[in-house]
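Remarks on the structure that follows.
Predicted model, so just to flag it, every value in this text is computed and none were measured. All values below were derived from every heavy atom in this structure, side-chain atoms included, with hydrogens, water molecules and symmetry-related copies excluded. Numbered from 1 within each chain, the chains take letters A, B, ... in sequence-line order.
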There are 2 protein chains.
Amino acid sequence: MERSKACTIADVARTAGVSPTTVSLVLNGKSGVAKSTRQKVLKAAETLNYRPNASARSLALQKTNMLGVILPDIGSPFYTELIRGVEQEAGAQGYYLVLCTTSGRPSREQMYSRLLWEQRVDGLVLLTPRGNESFIRGIRGNGFPLVVVDRDIQARDDVVEVIVNNFNGAIQAMEHLIGCGYRRIGFINGLAGIQASQDRLRGYQIALQEHDLPFVSEWVVSSDFTQEGGYAAMKELLAVSPSLDAVFVASDRMAVGAMGAIRQDGRRIPDDIALVGFDDVPLAAQTDPPLTTVRQPMLEMGALGVKLLLRMIKGKAIEHPKVTLQTELVVRSSTCAHTKGVDERRVRQVDDE
Amino acid sequence: MERSKACTIADVARTAGVSPTTVSLVLNGKSGVAKSTRQKVLKAAETLNYRPNASARSLALQKTNMLGVILPDIGSPFYTELIRGVEQEAGAQGYYLVLCTTSGRPSREQMYSRLLWEQRVDGLVLLTPRGNESFIRGIRGNGFPLVVVDRDIQARDDVVEVIVNNFNGAIQAMEHLIGCGYRRIGFINGLAGIQASQDRLRGYQIALQEHDLPFVSEWVVSSDFTQEGGYAAMKELLAVSPSLDAVFVASDRMAVGAMGAIRQDGRRIPDDIALVGFDDVPLAAQTDPPLTTVRQPMLEMGALGVKLLLRMIKGKAIEHPKVTLQTELVVRSSTCAHTKGVDERRVRQVDDE
DNA sequence: GTGAAAGCGCTAACAC
DNA sequence: GTGTTAGCGCTTTCAC
């Protein structure tokens, strides 16, 4: 069965007995066409099963109705949620998504942007915590619509960003732990090279400082956001500093790994060691015990990124090029068991102040 | 900073002092151009920072170099792995991916296919375990390149498929459990409406039968592939049939949920109840205890799907339109502890026969 | 209200 | 070897 050659606007025009122009007008819902001709055209298109050719349309209109998304990997639940937000908003506005993963290799990033810029997409959503800043400047300097999500490109005001207040998120986690009475609080941080990690570390330090608790460098270890990494980091903490009574972990996935290490060590959560995660990915509600964590509004970040991007594409001004969203403490059962009973179900508790 | 209007092939031709044709020839690496002119063209393109326009190219060439992927959701680790395979192969062959999730709604499926068929993509990879068969026939009947992964559209030979031997996978799981000495084996199946679920159920039954073990209908419950679903299903099994000594679970995610239920019930794995999962998603190696499971070659399924699709697109014949891949038993620590010691690390053990 | 014609940027016969 | 020309399918001035 051969592919039936798609019919063109000319075919429709012919069978409807009108000109291509008229067909175009009708199909695009423009006004100024007589009702009777409109009917004829619609019927012809219907019977011929006409579908417009996107390439031709893009060429004429100079837009593709597609957005590019560049991200390290779709495996992490954090990015999965982010993309879900991106997709939701893009879909709602009639845009398709071209997904490109870099697998962490900056070379891919460049390759993709270059190719995406063959006018394949009308704009780019960048979800790359690492990667080359000069590359971003290159795209942006060219005037190409671009939104950076979850990363702060400092030296430039003209790069539109959606970021999250990681510093404050860390403060929330620490205030909660300290409020529960924990005093020997360790910290498993994410990849060291990332802005977010630096902000969270700063939050950890400031929180300690504000409560006159000492900063012990052995209590802080850097990992890589993976479950295995969290496991190894916790092993290390347990070996070096067995006296910790709580640990703040910079991602839920690492926290799950840490849970394994703690359990394997024969200690219990939260009775022996309390744990606070970061992100609030779906997984966090399903661990044993359910994980207290700092929620990032991932869906919202993705959706907002697309909203801003489409605004740029349409040439509208962006009032605030840098939008900072707030985190939110979600208290579950991996903390505070000995202080007060906490419902296992999700309890949102915003920690202002 | 305004976007610099992209320069065209004509601009390059002008500054190089040649014709557009020549530029096209050079840029596409065709032979039959003098070395000196080639140099001139390359230099002109370089200095003008020329980038070909994909829409124009697609229009002229009648191909887009993009593939569509339709799937229910990127959240599940099973699909995440599958997509990774798809992406890897597509990327290697210079194709971009347009990702569309249906969120389980068949209506979206149709919408997407219709839109994708505006010649936006050169072919379609379908990863939809449910959804409408007539829709698939519609696309295929039109001659549009299409590969269905992880689903068997039976009534049609002309639909190219990559499927996995779910029946045999279930047999592998059951043979392992029975070989370990378990006799009271429950089964938590996935969504009932899916082909894969039916095949696995059949495997469960046949395995019992071949070992003269009775089929007890209370020992079988259907769930939905999610962790929560697995948790609830296991709760039910424990309540109704507390005497089970092993459970075969039709997905790793459900198995993780089941683990939670078992632990909460105060029983231990595998001493009190053994567990075998299905899929071998990355998570399975990191549960506590690590999960014995039936591995599906997800990466390979995705990659093979794309390989076949590209072969179709290039008009080559597909010798075997239905490729069935085999599963593989991966023994970890959630089974057999009382029979023999098993290394916690991944041990592949193909169960032929 | 409707149609003829030009053009979006690229490729590919076909001449020279 | 290189250039001329005619599309690919659609939109859009600009006449009528």
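- One finds a side-chain N or O of A:Ser24 lying less than 4.0 angstrom from the OP1 or OP2 phosphate oxygen of D:dT11.
- Nearest-nucleotide positions on DNA chain D for B:Thr22 and A:Pro20 put B:Thr22 closer to the 5' end.
- When the side-chain nitrogen and oxygen atoms of A:Gln62 are compared with OP1 and OP2 of C:dG9, one or more of them lie within a distance under 4.0 Å.
- Between the CG atom of B:Asn65 and the C1' atom of C:dC10 there is a distance of 14 Å, rounded to whole Å.
- Between B:Asn28 atom CG and C:dG9 atom P the separation is 17 Å, expressed in whole Å.
- If you check the side chains of B:Ser24 and B:Thr21, you find no donor sitting under 3.5 Å from an acceptor.
- A side-chain donor from one of A:Asn28 and A:Arg57 sits under 3.5 Å from a side-chain acceptor of the other.
- Counting any heavy atom pair closer than 4.0 Å across all strands shown, B:Thr21 reaches a base atom.
- Under 4.0 Å is where a charged nitrogen must lie from a carboxylate oxygen, and between B:Lys43 and B:Glu46 no such pair does.
- In this structure, B:Arg311 pairs ionically with B:Glu319, as a charged nitrogen and a carboxylate oxygen lie closer than 4.0 Å.
- The nearest whole Å value for the distance from the CZ atom in A:Arg120 to the C1' atom in C:dG9 is 14 Å.
- Using a 4.0 Å heavy-atom distance criterion, A:Thr8 is classed as a sugar-phosphate-only contact.
- Regarding contacts with the backbone of C:dC8, every side-chain N or O of B:Asn53 stays at 4.0 angstrom or more from both OP1 and OP2.
- Atom CZ of B:Arg14 and atom P of D:dG3 are 14 Å apart (whole Å).
- Listed nucleotides: C:dA12, C:dC10, D:dT12. Nearest to the side chain of A:Lys30: D:dT12.
- Checking A:Glu87 against B:Thr101 by side-chain atom types alone, a donor-acceptor pair falls below 3.5 Å.
- Heavy atoms from other residues, nucleotides or ligands lying under 6.0 Å from NZ of A:Lys314 number more than 12.
- In this structure, a donor-acceptor pair under 3.5 Å is present between the side chains of A:Asp122 and A:Thr64.
- Atom CZ in A:Arg57 sits about 15 Å away from atom P in D:dG9, given to the nearest Å.
- By the 4.5 Å heavy-atom criterion applied to side chains, A:Tyr95 and A:Val86 are not counted as neighbours.
- For the segment residues 31-47 of chain B, residues with any heavy atom less than 4.0 angstrom from an atom of DNA chain D are, sorted by number, B:Gly32, B:Val33, B:Ala34, B:Thr37.
- Separating the CG atom of A:Leu25 from the P atom of D:dC14 is a distance of 16 Å, rounded to the nearest angstrom.
- Within the 4.5 Å cutoff, the side chain of A:Val98 has no heavy atoms near those of the A:Leu67 side chain.
- Here C:dG7 presents its P atom at 14 Å from CG of A:Leu59, a figure rounded to the nearest Å.
- The nearest heavy atom of DNA chain D to A:Ser55 and to B:Ser19 marks one nucleotide each, and the one closer to the 5' end goes with B:Ser19.
- Between its two ends, the helix from C:dG1-D:dC16 to C:dC16-D:dG1 turns its axis by 40°, counting five pairs per end and rounding to 10 degrees.
- Separating the CZ atom of A:Arg51 from the P atom of D:dC8 is a distance of 21 Å, rounded to the nearest angstrom.
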Would you sort out whether A:Arg51 and A:Asn49 count as a side chain to side chain donor-acceptor pair (under 3.5 Å), showing the intermediate values? CA-CA 7 Å; A:Arg51 301 263 180 270; A:Asn49 193 24; 3.1 Å; yes
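- In this structure, A:Pro52 reaches the sugar-phosphate backbone alone: every heavy-atom distance under 4.0 Å involves primed, P, OP1 or OP2 atoms, never a base.
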